[in-house]
2 protein chains.
Amino acid sequence: MAIHSSTRTDVNRSAILARLGAGGPASRADLARALTLSPALITQLVKDLITDGLVVELDQAPSNGGRPARMLGLAASAGRAVGVKVVADHVAFVEVGIDGQVVRSASTPFDATSSTFVSELVERIREFIGSGSDVNLLGLGVGVPGSVDSPGNGVVESAQLGWNGVELGDALRRAIGLPVIVENNVNALAVAERLFGLGRSHDDFLVVTIGTGIGAGIVVDGSVLRSASGGAGEIGHIPVADDGPRCTCGNDGCLESLISEAALVAQARSAGAIEPAAGIDALLAAADGGDEGALGIFREAGRLLGRTLAGIVHTIDPALVVVLGEGTSAWRHWSPGFEPAFRSHLLRHRRSIPVEVETWQDQSWAQGAAALVLATPFDAAGAGDQGRLIRARLAGQVATP
Amino acid sequence: MAIHSSTRTDVNRSAILARLGAGGPASRADLARALTLSPALITQLVKDLITDGLVVELDQAPSNGGRPARMLGLAASAGRAVGVKVVADHVAFVEVGIDGQVVRSASTPFDATSSTFVSELVERIREFIGSGSDVNLLGLGVGVPGSVDSPGNGVVESAQLGWNGVELGDALRRAIGLPVIVENNVNALAVAERLFGLGRSHDDFLVVTIGTGIGAGIVVDGSVLRSASGGAGEIGHIPVADDGPRCTCGNDGCLESLISEAALVAQARSAGAIEPAAGIDALLAAADGGDEGALGIFREAGRLLGRTLAGIVHTIDPALVVVLGEGTSAWRHWSPGFEPAFRSHLLRHRRSIPVEVETWQDQSWAQGAAALVLATPFDAAGAGDQGRLIRARLAGQVATP
DNA sequence: CGCTCTTAATTTAGGACTAAAGAAAGTTCA
DNA sequence: TGAACTTTCTTTAGTCCTAAATTAAGAGCG
């Protein structure tokens with residue numbers, strides 16, 4: 001019932017700005033409908049935002065049969081976000097506008113297992129922020145492989161990084177002086193899909209990543225599912241074989257132990273489909289060249305993924321599946337195994353569910369992280385104190401000449 | 001942001017009443033905390049509810065070190081709900097108070113495949129309601145096996161009942177003249193668990209039913225997951241065997257095709273563990289008598305259920321699993337297969353997740369249905385127009401002498 | 001026994017928001 | 001070409017709710 005986390009005015013002002021960013025120019029009537037606020041309130045809020053130099057009136061739209069609408073757009077200075085993606089051996093950065101457009105990006109080496117990894121990360125982040133222009137930064141979004149207690153707090157458990165109870169959020173807040181949102185990197189991708197991608201027109205969809213790891217971001221009723229301890233979406237550890245290979249998690253027969261990039265490479269090496277020192281690029285090249293062993297490895301991976309995703313579709317009933325991650329570069333070889341396995345295990349009325357594979361770039365992970373900041377204006381109570389600070393920074397701006 | 005479905009006063013009054021029903025007596029300060037409303041507003045609303053005869057002041061609680069609280073309780077006349085559970089061959093009814101306590105119940109034969117099933121159902125419901133006392137009925141909750149487009153609308157797809165696009169909600173509203181909420185019966189059980197059961201202290205948990213069918217109700221952030229078309233939780237159709245038996249849905253190797261009651265009976269007959277005309281009761285008796293074939297069938301069912309639920313726990317990350325349904329009477333035989341399979345396929349930090357098996361009665365399904373009505377005061381926008389009507393009926397009562 | 005502290009409940013002033021009415025600016029049609 | 005209608009935007013009056021201040025009623029302690 002009550003909104004505690006921000007003043008209501010901050011919530012509304014930041015929602016208007018974020019909506020103009022994510023959705024493009026809109027009229028007052030559009031904003032009232034989209035944000036379910038009365039036209040009277042929108043008029044008041046927009047008047048103040050225009051006075052504060054954050055919103056500008058654009059051309060009039062053609063009439064819809066009545067008074068023509070006056071379109072509104074964002075002023076150029078309306079704030080930016082930085083996204084950081086952390087993996088074991090490097091860190092990627094992007095700086096984006098409120099519309100999600102990438103202004104600049106960078107990537108630097110990094111050792112997540114070093115005993116001074118936090119201060120090294122802080123240094124890298126300071127360098128990236130310091131080399132940007134003097135535009136208002138709303139906050140920092142950080143995506144990590146692993147689970148996070150809550151995005152507004154940011155305590156990380158990550159086997160891949162070797163981190164156990166690392167208070168990353170607090171450390172970065174203290175060192176950088178910006179609001180910081182920390183989230184699992186696949187969940188961050190799902191947030192980005194919801195805001196800027198194919199998920200914009202769906203309240204319920206599934207993001208699946210293939211590549212180094214196998215993971216899922218589950219969007220339900222417009223929000224990413226985190227559940228009890230922030231660990232929803234760990235589909236890589238769904239058991240799919242009773243006596244399958246040993247997984248990095250210690251169990252046997254997890255999906256990931258069979259279809260992660262490392263697993264495919266290991267199978268290919270064992271089968272002689274590639275040289276013992278070759279990697280995934282060689283496997284893809286072999287499959288492209290028609291090698292039956294390589295094709296079979298990808299087909300079987302697709303089959304296992306398809307069957308497993310069919311079960312997930314029955315469990316959570318999404319309207320769309322989006323496939324992302326480094327592994328998508330090989331999707332043409334996964335698909336022959338994936339499609340029949342997936343659709344034949346779906347109930348009849350679900351067999352036409354769309355599965356979309358999007359164009360992947362390494363900076364996509366960092367864009368996902370940045371989206372964590374950009375999404376907070378849409379959730380009045382979301383991300384606790386950090387969310388409130390971000391909304392205040394977005395809503396409280398006054399443009400300087 | 002804006003609440004459209006009820007006047008705010010109705011939302012708040014009905015929330016206070018429902019909270020006193022579900023949670024028992026509480027002070028004004030307790031209500032303010034539980035409902036996240038200001039103490040000032042609670043004082044105003046409670047004053048009116050006392051004047052209207054719906055709430056009574058009880059004894060003072062012992063002091064917590066400050067001013068002793070004045071406890072509040074429900075007046076006896078504060079409204080009831082009727083729950084109806086429909087299966088292929090009978091209908092079960094309960095009438096419950098706002099606290100969920102069963103006031104009376106009934107069960108009658110019914111033919112879901114009859115061409116006049118709607119009017120037969122209407123007749124049964126009228127008989128049950130007509131034989132009750134003259135207390136204010138807030139609404140009718142109906143649980144069905146199958147999927148429902150939305151609880152406030154109530155269009156049913158059910159293979160088990162042979163219903164396809166049946167506009168049950170509209171038909172019942174027209175004929176009975178009460179607000180009607182229709183939902184999948186396992187989802188209804190999850191609502192009841194959230195309100196009155198083990199789920200009261202959890203925002204994220206999983207309800208699993210074993211018996212005639214295998215289903216799940218998934219509670220996330222305090223609400224039951226429905227997703228895109230209301231079909232979340234159909235875990236019975238998760239594929240668990242590549243070339244398993246043919247399922248009633250037409251696919252092969254679904255979980256349900258291996259561990260539903262009918263599947264267990266078929267396996268037992270094939271194995272000679274029971275007579276060809278015997279049923280589940282004979283299988284349970286044989287297992288209780290130490291028959292190895294019978295024990296093996298239950299153990300294998302438990303193993304498959306355990307492995308599948310481990311996958312679901314990784315996908316949605318619940319804090320608790322509650323097992324319900326007719327099949328729980330045999331849980332002692334499922335458990336030896338279930339427990340090792342379940343826990344060995346969980347990530348290390350999840351291995352201690354509690355799995356609770358609750359006492360089951362056939363009227364539990366109908367209690368779940370009644371809970372659909374009782375839950376609506378807690379969701380300001382929930383169940384559309386039906387929710388608004390229920391809240392208005394609860395909030396708008398004035399007790400007559 | 002009286003003072004201080006804590007917690008509960010109430011009152012007050014003011015902010016936030018909406019429903020409804022009205023004004024503005026088009027399109028359509030006779 | 002002017003009236004009627006539609007859609008957008010603005011203004012007004014009132015409702016709903018909270019933060020803060022105040023009052024009430026206990027426990028604890030010297």
Side-chain angles (χ1 to χ4, degrees), chain A residues 1-16 20 25-51 55-73 380-381 388 391-392 395-396, chain B residues 1-16 20 25-51 55-73 380-381 388 391-392 395-396:
Chain A
M1 277 118 170
I3 297 173
H4 285 295
S5 54
S6 300
T7 69
R8 275 193 178 137
T9 299
D10 277 354
V11 168
N12 290 332
R13 278 168 67 96
S14 62
I16 290 171
L20 291 173
S27 69
R28 291 166 179 82
D30 290 333
L31 290 172
R33 283 188 291 267
L35 301 176
T36 59
L37 293 169
S38 72
L41 180 57
I42 293 292
T43 294
Q44 285 177 332
L45 293 163
V46 163
K47 179 185 236 178
D48 292 339
L49 288 165
I50 293 176
T51 300
V55 161
V56 294
E57 286 197 317
L58 303 174
D59 293 334
Q60 231 152 290
S63 172
N64 283 332
R67 179 175 170 171
R70 192 58 186 265
M71 303 302 282
L72 303 164
R388 185 177 52 75
R391 288 186 285 273
Chain B
M1 277 116 171
I3 297 172
H4 285 293
S5 54
S6 301
T7 70
R8 276 193 178 136
T9 300
D10 277 353
V11 168
N12 290 331
R13 280 167 68 95
S14 60
I16 290 172
L20 291 172
S27 69
R28 290 169 179 80
D30 290 333
L31 291 172
R33 283 188 292 267
L35 301 177
T36 60
L37 292 170
S38 73
L41 179 58
I42 293 293
T43 295
Q44 286 178 333
L45 293 164
V46 163
K47 180 187 235 177
D48 292 340
L49 288 166
I50 292 175
T51 301
V55 162
V56 294
E57 287 196 320
L58 303 175
D59 293 335
Q60 229 153 292
S63 171
N64 283 335
R67 179 173 170 171
R70 192 60 185 263
M71 304 302 282
L72 303 164
R388 185 176 52 72
R391 287 186 285 274

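Excluded from the calculations below are hydrogen atoms, water molecules and symmetry mates; all remaining heavy atoms, backbone and side chain alike, are included. Every value quoted in this text rests on a predicted model; they were computed, and no experiment measured them. Note on naming: letters A, B, ... go to the chains in the order of the sequence lines (proteins, then strands), and numbering restarts at 1 for each one.
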To the nearest Å, give me how far apart CG (Leu72(B)) and P (dA8(C)) are. 13 Å
Asp30(A)-Ser27(A) side chain donor-acceptor pair, cut-off 3.5 Å: yes
Identify the two heavy atoms, one from Arg13(A) and one from Leu45(A), that lie closest to each other, and give their separation to 0.1 Å. CG-CD2, 4.2 Å
Protein-nucleotide distance (Leu37(B), atom CG; dA9(C), atom P), rounded to Å: 15 Å
note: Ile42(A), atom CD1; dC17(C), atom P; distance rounded to Å ~ 10 Å
CG of Leu41(B) versus C1' of dT15(D): gap in Å, rounded? 12 Å
Of all the heavy-atom pairs spanning Gln60(A) and Pro68(A), show the shortest one and how long it is. NE2-CG, 3.3 Å
Looking at dA9(C), dT18(D), dC17(C), which one has an atom nearest to any side-chain atom of Ala40(B)? dT18(D)
Atom CZ in Arg70(B), atom CG in Asp59(B): separation rounded to 0.5 Å? 7.5 Å
Roughly how many Å is it from CG in Asp10(A) to P in dG15(C), rounded to a whole number? 16 Å
Out of dC9(D), dA8(C), dT8(D), which has the shortest distance to the side chain of Arg70(A)? dC9(D)
Would you mind reading off the distance between Leu35(A) atom CG and dA16(C) atom P, rounded to a whole angstrom? 17 Å
Could you check how far CG of Leu31(B) sits from C1' of dA9(C), rounded to whole Å? 13 Å
Measure from the side chain of Thr43(B), starting at C-beta and using heavy atoms only, and say which of dT18(C), dT11(D), dA9(C) lies closest. dA9(C)
To the nearest 0.5 Å, atom CG of Leu37(B) lies from atom CD1 of Ile16(B) at 7.0 Å
Per nearest nucleotide of DNA chain D, the residue lying toward the 5' end, Pro39(B) or Arg28(A), is Arg28(A)
So which nucleotide from dC17(D), dA9(C), dA8(C) ends up closest to the side chain of Asn12(B)? dC17(D)
Can you tell me how far CG of Leu49(A) sits from CG of Leu72(A), rounded to the nearest 0.5 angstrom? 9.5 Å
Here the gap from Arg28(A) atom CZ to Glu57(A) atom CD, rounded to the nearest 0.5 Å, amounts to 4.5 Å
Contact letters for nucleotides 25-30 of chain C, in which S counts primed atoms plus P, OP1 and OP2 and B counts the base, heavy atoms under 4.0 Å: BBS---
Here the distance between atom P of dC9(D) and atom CD1 of Ile16(A), to the nearest Å, is 13 Å
